[in-house]
Structures are given as C-alpha cells and as structure tokens.
A.B. asks: 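Dropping the structure in here first, questions after.
Numbers here simply count residues along the sequence, with the first being 1. Just so you know, these numbers come straight off a predicted model, no measurement behind them. Both ligands and their constituent atoms are indexed starting at 1 by order of listing.
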Amino acid sequence: MNYLKEDTIAALSTAAGKSAIAVIRLSGKNSFQIIDKIFKTHSKPEQQAKHGYITDGIEKKDEVLCTFFKAPHTYTGENLVEIAAHGNPVIINEILNLLYKSGARPAEPGEFTYRAFLNGKMDLVEAEAVCALITSKTEMSAKAALNSLSGEFSSKIKNIRNAITNLIAFMEANLDHPDEDITFLSRGEKLLRLDSHIKDVQNLLNSYKTGEILQQGIKVAIIGKPNAGKSSLLNAILGKNRAIVTDIAGTTTDTVEETIDCCGIPLTITDTAGIRDRAENLIEILGQEKTRETACRADILILVFDSSSEPDCNDAKIADFLKKSDLNIPIICALNKSDLPSLFLSSYLLNRDNMAKVKISAKTGAGIADLLDEIVKIAGVSESKNDYLMINSRHFILLQNTLESLTRTKQALSARDADEIACFEALNAQTALNEILGINVKQDILDTIFSTFCIGK
Ligand SMILES: Nc1nc2c(c(=O)[nH]1)N(C=O)[C@@H](CNc1ccc(C(=O)N[C@@H](CCC(=O)O)C(=O)O)cc1)CN2
Ligand SMILES: Nc1nc2c(ncn2[C@@H]2O[C@H](COP(=O)(O)OP(=O)(O)OP(=O)(O)O)[C@@H](O)[C@H]2O)c(=O)[nH]1
Ligand SMILES: [K+]
Ligand SMILES: [Mg+2]
C-alpha cells in the first residue's frame, strides 16, 4: 500500500454517481497551494467557506464552495480542503484530474482516516468504528459504533491498561527491593485488584457477541414442507407481498431473501422451497438443494408446520433432514394456520434442546409478534440498552489474550514463588491492550484494517 505521508491526497468522499452535491477532500501539507492553482474566488476573507469556480486556467469547470481547514485542527491533522461541487461524475472526474495535475495523488482506501490515526487524532479502535458506523444497518448498531467512535470503548481499555501499568510498577518495586520489609502493596491487595481487572475484561468479552449481532445481523431461514405457509409467513413478517403465495405445493422454487430491522437487530430472513419426500422435477431438486444450503448457513431456523393437517411423510423428511445435517442452531417451530382447527400432534415434533414452539397464523397475523420476540430472545440483545460497544474480532482475540495473561499473573502471584513471572505476564496483558488501541501494531495489520474502508473515508 502506498502510504507516503508526504503526499497530498485527494478523493471523492461522497457516493459516486449523480447527486445534488458531491464533496471532494484534499489533505496534506500542499493542500492550500494545490487548491490555489485551480480555485478562483472573490469571497470576503471573513467567509469560512468560499464561493468560486474551479478552472484549468482557461475555462471554468464548475461553480463550487471550498472550505479550508488549517492543520493541526482538522480531521486528518493536516491542512485540508473540502470542495463541494455539483454531483455529476463527469465534473467530479475533471476536478480530480486537475488536482492530480496540480500535485495531489489519489487517496488509498481509508487513507484520510489512516492519517488521522497516524497524527494522533484517533486511536485504532476509533478508526475502526468509523468504518463500522458507515456500514451499520440499524439505528442500534449505528449507536454502538458511535459509542466506540466517541472513545467510550477506548477509555475502558485505557482504564484497564493504566491500572495494570500501576500494578506492574508496584510489582517491579518489589523486585528491585526484595529485602525491604516495606511492601508498597500487599499481595492480597494486588490479587484483589487483579480480580477486578479480570472482571472488566470479561465484561468486554461478553459484549462481543452483541456487537457482532448488531453489526453482522442474524440469518433466519424459513423451512418446511410445501404449502406449510412459509412464503405467507415471510410476507406477514415483512408486511408486504414479497413472495408468491398459492395453494399449489411447490410454488417457491428459489430462495427469497429480505432484511428487516427487528428491535434494532438486522434480520435477514430467507424463504425457501418446500422440502418434500419426492421431488417432481429438476427445478424442485435444485430448489431443495438450495434450501438445505440456506438452512446450513442460518443462525436460526424457523420450522413451519401446517397445524391444520395431520403430519405426513414430508414432515418426516424434514425431521430426517435435521437429524442428518446435525445442525446445532436454535430452532423455532412455527405451528401455522392457527386460524383453522388443529389436527397437529405435538408428539410429532422432534425432541431437542434449543427449541421453541409458537402458534401462528400467517393469514391473520396472529402470533407473528411472539415469533419475532422469540428471535430477539435467542439473539440476547435488549433494545432498552443504549450503551453497546462495537467490539470486533480483532479486539476479541486481544481481549482473550489479555484475560489469559491476567489469569497467569494471578496464578504466579498466588503461588508466591514467581514475582518475575507475574510481572512478565502483566506486561503481556499491557501489550495486548495497547495493541487494541493501535500502539505497536504491525504495519500489515494496519494495512488490512484500512484497506477495507471506502475510498474517500
Ligand atoms: N464535511 C464533512 N462532514 C463530515 C466529516 C468530514 O470530514 N467533512 N466527517 C468525517 O469523518 C464526519 C465528522 N467528523 C469530523 C471529526 C473531526 C473533525 C475535525 O476537524 N477535527 C478537528 C477540529 C475539531 C474542532 O474544531 O473542534 C480536530 O480534531 O482537531 C472534522 C470532522 C462527518 N461529517
Ligand atoms: N388458513 C390459513 N391458510 C394459510 C395460512 N398460511 C398460509 N396459508 C395458505 O396455505 C397455502 C400455501 O401457502 P404458501 O405460503 O404458498 O406456502 P409455502 O410453504 O410457501 O409453499 P411452497 O412455496 O409451495 O413450499 C396458501 O393457499 C395460503 O393462503 C394460515 O395461517 N392460515
Ligand atoms: K404454495
Ligand atoms: Mg413458498
């Protein structure tokens, strides 16, 4: 990756394509000289954003507003200019090319934020949260990302790290003066403090699953025999006619997927082709194959039964499929058509932990809310909480390392025979926490993180 800090970089920061206004950002030490070559203005000096024209020296290219930000108090920490132009891709290209001719180069993905990180404007957790915020799919996941972007996760990490640094200082003092009777902090007090840090790390590890669910969402597959009412259920959940519903068995031949915001959780729901004992043609065989794949990739299965009819060989086929595929995911049995008299035998349901039962009618909408409640319950995310943090898998692994090191510190301290080892392990914990914040992180890890950003961010 071409991350030369000396360069002045430029990129479109708004979405590509036609738009009312598009913003190009220019950042680096030569930003002001470069914009001076191509921007002519008559705005009064007291104006913060200046009105004028982008020109190649011969003709005007666009009428724009330029905003000037002087280092170091800018997003990147460098001199920065924002050009708000008309959102026409042809014009944007012309302006970018003029900037490149005048001494700027195209910004790499995430390079503005990378510079902000290098210049101490944000730590690595905050930089990662910028990306998470842009890709958040629900209000709740956006809030979680914003909490991290605002430094709430970072300050938790810093607090634990500082406390461990403090503890290390006490342990090193003991190492340096082993014969002195004055112990600065008793062994018992050190162990108490360690316990509390271990608990803090454990709490952060526990919020990982929630953050992951908020960011990635949950995949729910609707499966069942033909005519059980799977497509009707999808439509009932979405509140619109997304999938075709008929009384002909085998109506759905391909998967139908939609994402909704369910109490803050991005739920991707997939309706599938009905599974039956005997497939009638190639389309159905391929459709059922896809149903199986969808079921295997899902986080939760909704197993739809037609409770108005007696179980038949197709229900047996599904039970058989579940047994064979050895799926270890939560299943919700939806006993559909509750508006009709029930002929369903509960004893027919397979015996399994991790299984909930809900009576629904896709036709009248009865029980649909209970079904969604069940999904939210399984996800373990409560909407009332507003303080979720965005913890990604990189943080999770480093927090696990921290926890292991702290546990070993505690063992060494308790054993009373190895103060050097206790010190060494505490230092490892400190290193892992620093790495979360981006301190002493290898370049290839930084490259990987920032290369997933969009260009212009
Ligand atoms: N036009 C525009 N809108 C934007 C951004 C941007 O870069 N440009 N942002 C980009 O993500 C977000 C806002 N984030 C920002 C964060 C810090 C600074 C900044 O200039 N910080 C300086 C000065 C702070 C101050 O004046 O108080 C600093 O931290 O020193 C700017 C934007 C969303 N909206
Ligand atoms: N009375 C009643 N009928 C329902 C209910 N849900 C679905 N149906 C009817 O059952 C029939 C089959 O519904 P679909 O939603 O197409 O069933 P499916 O499981 O998607 O069927 P395939 O796509 O063929 O596998 C249709 O005639 C629906 O109107 C319900 O809750 N009550
Ligand atoms: K059908
Ligand atoms: Mg269907």
A.B. asks: Distance to 0.1 Å, residue and atom name: give those for the protein heavy atom nearest to atom 30 (O) of ligand 1.
C.D. replies: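 The answer is Lys121 NZ, 2.6 Å.
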A.B. asks: Hydrogens and angles aside, do Asp261 and Thr138 bring a side-chain donor and acceptor to less than 3.5 Å of each other?
C.D. replies: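 Checked: Asp261/Thr138 side chains show no N/O donor-acceptor pair below 3.5 Å.
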A.B. asks: Can you find a side-chain donor-acceptor pair between Asn147 and Lys143 that sits under 3.5 Å?
C.D. replies: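 Yes, a side-chain donor-acceptor pair sits under 3.5 Å.
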A.B. asks: Could you walk me through whether Thr251 and Ser231 pass side chain to side chain contact (heavy atoms under 4.5 Å, CB included), step by step?
C.D. replies: CA-CA 9 Å; Thr251 301; Ser231 302; over 6 Å; no
A.B. asks: Tell me whether atom 6 (C) of ligand 1 lies less than 4.0 Å from at least one protein heavy-atom position.
C.D. replies: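 Under the 4.0 Å cut-off, atom 6 (C) of ligand 1 does have protein heavy-atom neighbours.
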A.B. asks: Any heavy-atom pair between the side chains of Ile302 and Ile223 that's under 4.5 Å?
C.D. replies: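 Heavy-atom side-chain distance check fails, nothing below 4.5 Å.
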A.B. asks: Out of Lys5, Arg105, Lys457, which residue meets the side-chain hydrogen bond (donor to acceptor under 3.5 Å, both in side chains) rule with Glu111?
C.D. replies: Arg105
A.B. asks: Compare every heavy atom of Leu214 with every heavy atom of Ala144, then report the nearest pair and how far apart it is.
C.D. replies: CB-CD1, 4.2 Å
A.B. asks: Which protein residues come within less than 4.0 angstrom of ligand 2, counting heavy atoms only?
C.D. replies: Lys225, Pro226, Asn227, Ala228, Gly229, Lys230, Ser231, Ser232, Val245, Thr246, Asp247, Ile248, Ala249, Gly250, Thr251, Thr252, Gly274, Asn336, Lys337, Asp339, Leu340, Ser361, Ala362, Lys363
A.B. asks: Please tell me if atom 21 (N) of ligand 1 is touched by the protein, where touching means a protein heavy-atom distance below 4.0 Å.
C.D. replies: yes
A.B. asks: Closer than 4.0 Å and a protein heavy atom, does any atom meet both conditions relative to atom 1 (N) of ligand 1?
C.D. replies: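 For atom 1 (N) of ligand 1 the answer is yes, since some protein heavy atom falls inside 4.0 Å.
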A.B. asks: Return yes when Thr74 approaches ligand 1 closer than 4.0 angstrom through a heavy atom, no otherwise.
C.D. replies: yes
A.B. asks: Yes or no, since that's all I need: does a protein heavy atom fall within a distance strictly under 4.0 Å of atom 34 (N) of ligand 1?
C.D. replies: no
A.B. asks: Using atom types as modelled and distance alone, determine if a side-chain donor or acceptor of Asn93 lies under 3.5 Å from a backbone N or O of Val90.
C.D. replies: no
A.B. asks: So Phe450 and Phe453, would you call those rings parallel, tilted or perpendicular, with 30° and 60° as cut-offs?
C.D. replies: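 If you compare the ring of Phe450 with that of Phe453, the planes turn out tilted.
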A.B. asks: With sequence neighbours excluded, what pairs up with Tyr208 under the ring pair (Phe, Tyr, Trp, His ring centres under 6.0 Å) test?
C.D. replies: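 Once residues adjacent in sequence are excluded, the partners of Tyr208 under the ring pair (Phe, Tyr, Trp, His ring centres under 6.0 Å) criterion are Phe396.
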A.B. asks: Checking side chain to side chain contact (heavy atoms under 4.5 Å, CB included) for the pair Leu437/Leu124: CA distance, chi angles, key distance, verdict?
C.D. replies: CA-CA 5 Å; Leu437 296 167; Leu124 195 53; 5.9 Å; no
A.B. asks: Counting non-hydrogen protein atoms only, what is the nearest one to atom 12 (C) of ligand 1? Give residue, atom name and distance.
C.D. replies: Lys457 NZ, 4.8 Å
A.B. asks: Checking Asn392 against Glu128: is there a side-chain donor and acceptor pair closer than 3.5 Å?
C.D. replies: yes
A.B. asks: Within the 4.5 Å heavy-atom criterion, are Ile332 and Met355 side-chain neighbours or not?
C.D. replies: no
A.B. asks: Report the protein N/O/S neighbours of the K ion (ligand 3) that fall below 3.4 Å; do not count waters.
C.D. replies: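 Protein N, O or S atoms closer than 3.4 Å to the K ion (ligand 3): Asn227 OD1, Thr246 O, Ile248 O, Thr251 OG1.
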A.B. asks: Verify, without hydrogens or angle tests, whether Glu126 (side chain) and Asp123 (backbone) share a donor-acceptor contact under 3.5 angstrom.
C.D. replies: yes
A.B. asks: Roughly how far apart are Ile237 CD1 and Leu267 CG, rounded to 0.5 Å?
C.D. replies: 8.0 Å
A.B. asks: Test Tyr75 against Phe112 for ring-ring contact (aromatic ring centres under 6.0 Å, His included), laying out the working first.
C.D. replies: CA-CA 8 Å; Tyr75 180 75; Phe112 291 96; 7.7 Å; no
A.B. asks: Tell me, which protein residue and heavy-atom name are nearest atom 3 (N) of ligand 1, and how many Å apart are they?
C.D. replies: Glu82 OE2, 4.7 Å
A.B. asks: Counting each atom of ligand 1 from 1 as listed, which ones have a heavy atom of Arg25 under 4.0 Å away?
C.D. replies: 6 (C), 7 (O), 10 (C)
A.B. asks: Hey, is atom 25 (C) of ligand 1 touched by any protein heavy atom at less than 4.0 Å?
C.D. replies: no
A.B. asks: When you measure from the heavy atoms of Tyr75 to every atom of ligand 1, does any distance fall below 4.0 Å?
C.D. replies: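 It does, in that a heavy atom of Tyr75 comes within the 4.0 Å cut-off of ligand 1.
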A.B. asks: Nearest protein heavy atom to atom 10 (C) of ligand 1: under 4.0 Å?
C.D. replies: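 Yes.
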A.B. asks: Can you list every pair that meets salt bridge (charged side-chain N to carboxylate O under 4.0 Å, His left out) and has a residue in residues 12-41, with sequence neighbours left out?
C.D. replies: Glu6-Lys29
A.B. asks: Report the nearest protein non-hydrogen atom to atom 23 (C) of ligand 1: residue, atom name, distance rounded to 0.1 Å.
C.D. replies: His73 O, 3.5 Å
A.B. asks: Can you check whether a protein heavy atom sits less than 4.0 angstrom from atom 16 (C) of ligand 1?
C.D. replies: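 So atom 16 (C) of ligand 1 has protein heavy-atom neighbours under 4.0 Å.
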